[in-house]
Amino acid sequence: MNGPIAEVVFDIPLHRAFAYLVPPAVSVARGQRVRAPLQGRARVGMVVDLREGDATGLLAIQSVSEPVPIFSRAALELTRWVADESLSSWGSTALALLPPLPARGAAETLAPPPEGRPAAGAPPELWMAARRADRLVDLLAREPSPALVIAPDIESAARWARRLDAARLDSGIPGVERRAAWFAASRGRARIVVGTRSALLTPLPPPAMLVLLDEHDTAHKPPGAPRLHTRDVLLRRAALEGSRLLLLSATPSVESWWRAEDRQIRASQPEPGPWPEVLTADTRGVLRNHPLTLPLTRAIEELSRRGRQVALVITRGAAALACDECGSVLRCPECGVALALSRAERTLSCRVCARGEPLPEGCPCCGGHRLSPLGWGAERVEAAVRRRFPRLSVSRSDPGANVVVGTAALLGRLGPGSVGCVGFVDVDGLLRVPDFRAGERAFEILWTAAERVGGAGRIIVQTRHPQHYAIRAVREQDRAAFYKNEMRFRAELGYPPFRRLCVVSTRDVRPGGGQALIGECAERLRGLPDVTVYGAVRQSPAAVARARWRAVIKGPPDLPRLLDAPLRPFLERRRRGSAVVEVEMDPVSLS
DNA sequence: AGCACGCCGACT
DNA sequence: GTCGGCGTGCTC
């Protein structure tokens, strides 16, 4: 019995499509959302292909979710690419990039997405200069072409939508409005739309402009589908449809800087502008019974006399060890990341290769006897400042206090121009985060603070590494110096952007199960060409205490292709007894 | 014999 | 992800 057959993918971890008969009363196209029976109940899926064939024994599509396709052919292909790149299923990827389903009986004006021809466009642009946000607002006001602006989170999307007087596509607004904005953009009726990653594939009539705010922000890759960095999806989208793409960040990811050097992205080096004085306060050899060094104490004194605010940035619990004498951090000799301290087990272990070591007696560098793991918590800093400056208002929550204490996120909440000095109580806490991106993150936070306080302000960095290249680059307002050093480190030890990473992890409520499973995964991957598997070492039964196991995999740029076949059984059947497998391509964090 | 639970494969 | 089939093993 021949008839029209639709291939449909669903939000399940299976990559394969399911075939259904298209009944005569229903008309469907590729890229259309439909309801179809799966395991006896109706579920929403995406039509990825249509063909004529023998429909004997096939179940029928029940209905369409909307009367028109919601993805263009190009967008649908893009979801497939994202799924393949991230080792996730086509269905879960595609369905995560769509607006909510319509409310029952809602009246809507819908149109199919524009089917643009692939066009050769200009290369993406990296905007790093100060006042890049103002420049963007100006550009969007001048430019007549439709624009999609992607923000790292809902709050940022809301702010930008207000600033640009644009429709919102993020999940911070009611589903009806999101849908309306999606289809308005699709029909060319909303010139500027603002959203988060769920809005990445919003159709726009060409020639369109795509904008990524805070390109470096790891919030652009939260857990869950679509499991690829928003930057990478936009780069691909822009290339496929020939759209102009703007990446905004004062401190771009090393990946994007590298692409700029490789001429895949256009970047102009901004002229140096007004810049604060960046002072380092060396804490080596200083007995640290107080969180404030003399330079920072003086700055608080002086600034408060002049009626200016001081922000003190603290670092949350650093789980690594550093020598009090020479300042060196205990690092894995093979992987270069700080060794993570487990106080309970009194061991140090590497987050990348899983190498474990007992706590050393002294510093391997200088033989010093004091190795200190402690950072300064917000409470301790707040109390210490109060004691020293009883007349000043000191707060962790009031952004108007004379002295405000908080983590790096605090900097974003303070009004521009109000802060005269930012003091980093323990920047080493950032540098010794057991993650290869620790330096990049420290650089980003310091640079942001410097931009924030501006030319009349001051930055004071308390550190045992006053010569660290991240601090030096911020002091000199010299981005290139930072990236040069950082890329050398990444190249030497084989980290992104030179090699790609994948993390396979297992969990089990019962001891031993997770270990057996991660061992099984690692076994399948060993011996692949140009692929290194770290960790997942089978340990003696005595060491079996944790419920979580992890293997870090390093490989060439086509790592997802290499891992697809051997990991397929684990990706498609994540639960093995009480143990669960998770696979994360291109992790934004290893801690 | 009858039922609970957990493992495992199938899902069009 | 979610469902149900079926085997193991316990209970009435």
Side-chain angles (χ1 to χ4, degrees), chain A residues 1-65 69 76 79-80 82-84 86-98 100-101 171 198 222-228 504-521 523-524 547 549 564-585:
Chain A
M1 187 184 78
N2 266 15
I5 295 172
E7 297 283 349
V8 180
V9 293
F10 295 90
D11 180 16
I12 53 178
L14 305 180
H15 192 280
R16 61 172 286 224
F18 295 82
Y20 292 88
L21 170 70
V22 183
V26 176
S27 142
V28 297
R30 285 175 108 192
Q32 195 157 2
R33 257 193 306 200
V34 294
R35 292 172 76 79
L38 186 69
Q39 285 203 293
R41 53 192 199 94
R43 298 194 51 170
V44 174
M46 166 66 54
V47 177
V48 295
D49 202 10
L50 287 165
R51 57 186 170 89
E52 285 289 319
D54 182 9
T56 314
L58 294 189
L59 298 176
I61 282 179
Q62 291 170 326
S63 60
V64 294
S65 302
L76 190 58
T79 61
R80 191 188 172 123
V82 171
D84 289 346
S86 59
L87 295 173
S88 5
S89 76
W90 194 359
S92 57
T93 303
L95 292 162
L97 289 165
L98 289 174
L101 290 161
S171 55
S198 60
R227 307 177 71 105
L228 194 65
V504 178
S505 57
T506 63
R507 280 173 291 133
D508 199 337
V509 285
R510 298 181 323 202
Q515 182 188 18
L517 190 51
I518 198 74
E520 213 182 307
C521 294
E523 208 49 53
R524 295 286 194 95
W549 292 84
D564 183 77
L567 284 182
R568 183 55 63 88
F570 301 99
L571 290 163
E572 302 213 331
R573 208 162 55 82
R574 294 183 46 211
R575 285 186 20 250
R576 309 272 169 136
S578 54
V580 183
V581 189
E582 270 174 293
V583 176
E584 176 81 6
M585 267 310 299

**Q.** Side chain A:Tyr20, main chain A:Pro37, donor-acceptor under 3.5 Å
**A.** yes
Q) Side-chain donor-acceptor pair under 3.5 Å between A:His15 and A:Asp564, yes or no? A) no
Q: Identify whether NZ of Lys or CZ of Arg in A:Arg16 sits under 6.0 Å from the centre of the six-membered ring of A:Phe18 and within 45° of that ring's axis.
A: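 Verdict for A:Phe18: a cation-pi partner in A:Arg16.
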Q: Can you sort out which residues in residues 18-33 of chain A have a heavy atom within less than 4.0 Å of DNA chain C? Ascending by number, please.
A: none
Q. By a strict heavy-atom criterion of less than 4.0 Å, which residues belonging to residues 56-65 of chain A are in contact with DNA chain C?
A.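 Hits under 4.0 Å, by residue number: none.
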In whole angstrom, what separates [X]'s [atom1] from [N]'s [atom2]?
X: A:Leu14; N: B:dC8; atom1: CG; atom2: C1'; answer: 14 Å
X: A:Leu50; N: B:dT12; atom1: CG; atom2: P; answer: 19 Å
X: A:Arg43; N: B:dT12; atom1: CZ; atom2: C1'; answer: 14 Å
X: A:Phe10; N: B:dC11; atom1: CZ; atom2: C1'; answer: 9 Å
X: A:Arg568; N: B:dG9; atom1: CZ; atom2: C1'; answer: 17 Å
X: A:Ile12; N: C:dC3; atom1: CD1; atom2: P; answer: 12 Å
X: A:Asp11; N: C:dC3; atom1: CG; atom2: P; answer: 14 Å
X: A:Arg575; N: B:dG6; atom1: CZ; atom2: C1'; answer: 10 Å

(Q) Below the 4.0 Å mark, does B:dG9 have OP1 or OP2 next to a side-chain nitrogen or oxygen of A:Arg573? (A)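 So the side-chain polar atoms of A:Arg573 do come within 4.0 Å of the phosphate oxygens OP1 or OP2 of B:dG9, strictly under.
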Q. Below 4.0 angstrom from OP1 or OP2 of B:dT12, is there any side-chain N or O of A:Arg16?
A.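 No, outside the criterion.
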**Q.** CA sep, side-chain torsions, deciding dist, call: A:Val22, A:Ile5, side chain to side chain contact (heavy atoms under 4.5 Å, CB included)
**A.** CA-CA 6 Å; A:Val22 183; A:Ile5 295 172; 6.0 Å; no
Q.
The test is side-chain hydrogen bond (donor to acceptor under 3.5 Å, both in side chains); show your working for A:Trp90 and A:Thr79 and say whether it passes.
A. CA-CA 7 Å; A:Trp90 194 359; A:Thr79 61; 2.9 Å; yes
Q: Answer yes or no: side-chain N or O of A:Gln39 and base N or O of C:dG4 forming a donor-acceptor pair under 3.5 Å.
A: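 No, the side chain and the base share no sub-3.5 Å donor-acceptor pair.
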